[in-house]
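Computation of the quantities below employed the complete heavy-atom set of this structure, encompassing side-chain atoms and omitting hydrogens, waters and symmetry-equivalent molecules. The structure displayed is predicted, hence computed values, not measured ones.
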Amino acid sequence: MIKAQTLKAAFISFMLFAVFLGAWQLATLPKDSTTLAAADAEYAALMGKGAEKTDGFPPPAKVGRAFVEYLSDPFYDKGPNDKGIGIQMAHSLARVGLGFLLAVIVALPLGFLIGMSPLLFQAFNPFIQVLKPISPLAWMPLALYSLKDSSISGIFVIFICSIWPMLINTAFGVAAVRRDWINVARTLEVNPLRKAFLVILPAAAPTILTGMRISMGIAWLVIVAAEMLVGGTGIGYFVWNEWNNLALPNVIFAVVMIGVVGMGLDMIFGALQKLVTYRE
Amino acid sequence: MSAHFLTVEALKKVYPADGGQANPPVFEDIHFHIDKGEFVCIIGHSGCGKTTILNVLAGLEEASGGNVIMDGREVIGPSLDRGVVFQSHALMPWMTVLGNVAFAVKSKWPDWGKDKVTAHCTEYLEMVGLGHAIHKKPAELSGGMKQRVGIARAFAIQPKMLLLDEPFGALDALTRGTIQDELLKIVQATHQTVFMITHDVDEAILLADKIVLMSNGPHAKIAEIVEVTMPRSRTRAGIHHDPQYYKIRNHLVDFLVNRSKTYAGAEAEMFHDAKNPPVVQPGLEAERAPVVSLPAEKPAPQLKQVVNQ
Ligand SMILES: Nc1ncnc2c1ncn2[C@@H]1O[C@H](COP(=O)(O)OP(=O)(O)OP(=O)(O)O)[C@@H](O)[C@H]1O
Ligand SMILES: [Mg+2]
């Protein structure tokens, strides 16, 4: 039953993709329209570079060639403006990883504290409520000014955007631990550290991991924009750079890669979530 | 002081009110005691404060007045000396059955090795008939099995006293019977001191040496203490054949249905001394005897009329 459905779904997915490719191919067929060609030619002249980059939206085959080209050698490094996709991804992932890790280090203990104490919860709440809706990129100028390093600023932006969902979910998860379990720990005179790690943490883990998953999703959204802004390295910079080169196939390739890696990250957290989820 | 193992004196609990005016005390003037090795059940209508009393005994909740003294020391917080079986079993779902019991055992004896802990836990899990399920997660167990794990966990730390809050309340009659038998067996073998809340009159008669009857709240009090005078070697199957059984049962039901609400107000205070609630032995009374009688040294001839009004 379920297998048959999976098979059917895969078939439909494949058909959808085929239809999409077909439509794309049709839409990018070379056009006779002179006005468009004229404009393109003019633009090409203006750019003063090879005409191959200016013949409209790239057809699937051309994008496919970009895929093959980049994926066949993902780790080459020919100077600051020409690095393999693997290297660019690694830079982005390193920033996200570092910023995320810092956020975990701050959000988990703080969330624990806030979750355990209704007083602190109330005291911290106004700040969290005000800081949470701020677009992380709005912090960029302040970060650049005070940290004086574009790479560190990128990490800071990831930190600041990942911290809120984690902090809030940890606090809620900890606050919502069943009274009974706490009471069991109390009647057993369990010391605070054992209680935190063996009772509260596992009890709140599913909620905490949900927060982490949301944080990671946001971090991956934000890193592209942040890297476009600060430049240098990373997948966001790659997209911006290829756009400046008007190399649309490469941009499309990068966009798809961002999606694939984002999905991978989400799947990792999905798996972790499954690992700590308990059935009652 | 008294020589009793556990003494409850003038216990009172008032929950703070949300609004302006103060709440009436849930219960007040609660006096009773438990001796070592005694099995005491407490019965009363819903909301009279049984769970609150148990939580105070466990040290999980603070009383508003009075005190609890166990083994010569005042109860001021939770302690490994008192094992609690919670109504909702309260097993940690992310640990296995063994893990749940081991968590308790390691809390009591932190320097035990892994093998010793496992052996100890297994022994107690086998005692409640769960030797085959020790590596399962609580979610894979039936309600009755979960409750048995809770009982094994409480027994495994060998507390001086066991507190049970309606441990079988959520179980079907059949399972309940089986576990009652098991508990009876274990208690008879270990001479464990037990304080247990129940709503089930038959359960109380089967298990208890002494049944504490609570009047309705607010201002709940101990109305009387019923001694179960049947021999300790009871079984669920045989208990009905004892002529005492129905006398005790009728007495309890009569209390719950007719008399439990008559203990509030000034009029009641005239005949009822909360400090020394009457101790009755309905099982030994003659057929159709008066429902309430006081111990010989405290005769109160008018009592029955007042109570029955
Ligand atoms: N945390 C609380 N805050 C305020 N009132 C409470 C609280 N806990 C219990 N009460 C009140 O105290 C009274 C006694 O509650 P308790 O749970 O001890 O009753 P109980 O005898 O165990 O009832 P049941 O048989 O239904 O379990 C109830 O009237 C209840 O409303
Ligand atoms: Mg209760």
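- By number of non-hydrogen pairs under 4.5 angstrom with chain A, the leading residue of B/Pro110, B/Ser88, B/Ala58 is B/Ser88.
- Within the 4.5 Å cutoff, the side chain of B/Met92 has heavy atoms near those of the A/Val184 side chain.
- Minimum interatomic distance between B/Leu91 and A/Trp181 (heavy atoms only, all atoms of both residues): O-NE1, 3.0 Å.
- For A/Phe67, the CZ atom counts as densely surrounded, since its 6.0 Å shell holds more than 12 non-hydrogen atoms of other residues, nucleotides or ligands.
- Heavy atoms from other residues, nucleotides or ligands lying under 6.0 Å from CD1 of B/Ile76 number 12 at most.
- Both the backbone and the side chain of A/Val199 have a heavy atom closer than 4.5 Å to some heavy atom of chain B.
- Summarising the local packing, NE2 of B/His132 is surrounded by more than 12 heavy atoms from other residues, nucleotides or ligands at distances under 6.0 Å.
- Heavy-atom distances place no part of B/Leu163 under 4.5 Å from chain A, backbone and side chain included.
- Rounded to the nearest 0.5 Å, atoms CZ (B/Arg153) and CG (A/Leu188) are 7.0 Å apart.
- Using a 4.5 Å heavy-atom threshold, the side chains of A/Thr187 and B/Arg82 count as separate.
- Ranked by heavy-atom pairs shorter than 4.5 Å toward chain B, the options A/Asn183, A/Val190, A/Leu198, A/Val276 are led by A/Asn183.
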Inset, instruction - Give the intermediate values and the outcome of side chain to side chain contact (heavy atoms under 4.5 Å, CB included) for residues B/Ser79 and A/Glu189. - result: CA-CA 6 Å; B/Ser79 154; A/Glu189 296 187 63; 3.6 Å; yes

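- Of the residues considered (A/Arg186, A/Arg178, A/Arg179, A/Glu280), A/Arg186 shows the highest number of contacts with chain B, using heavy-atom pairs under 4.5 Å.
- With hydrogens and angles ignored, the 3.5 Å screen pairs no side-chain donor or acceptor of B/Trp94 with any backbone N or O of A/Thr277.
- With a 4.5 Å cut-off on non-hydrogen atoms, B/Ile157 touches chain A through its side chain but not through its backbone.
- With a threshold of 4.5 angstrom between heavy atoms, A/Ala203 approaches chain B through its backbone and through its side chain.
- The environment of B/Glu74 atom CD is dense: over 12 non-hydrogen atoms of other residues, nucleotides or ligands sit within 6.0 angstrom.
- In B/Lys12, the NZ atom is not crowded: 12 or fewer heavy atoms of neighbouring residues, nucleotides or ligands sit closer than 6.0 Å.
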Inset, instruction - Determine, stepwise, if the pair A/Arg194 / B/Lys106 fulfils side chain to side chain contact (heavy atoms under 4.5 Å, CB included). - result: CA-CA 11 Å; A/Arg194 256 187 107 217; B/Lys106 275 188 230 151; 3.7 Å; yes

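- Contact annotation: the side chain of B/Glu140 approaches that of A/Arg279 to within less than 4.5 Å [non-hydrogen atoms, C-beta and beyond].
- Within the 4.5 Å cutoff, the side chain of B/Met95 has no heavy atoms near those of the A/Tyr278 side chain.
- Annotation for B/Phe5: atom CZ counts as buried by contact number, over 12 foreign heavy atoms lying within 6.0 Å.
- Comparing B/Leu60, B/Val84, B/Asp81 by heavy-atom pairs within less than 4.5 Å of chain A, the highest count is held by B/Leu60.
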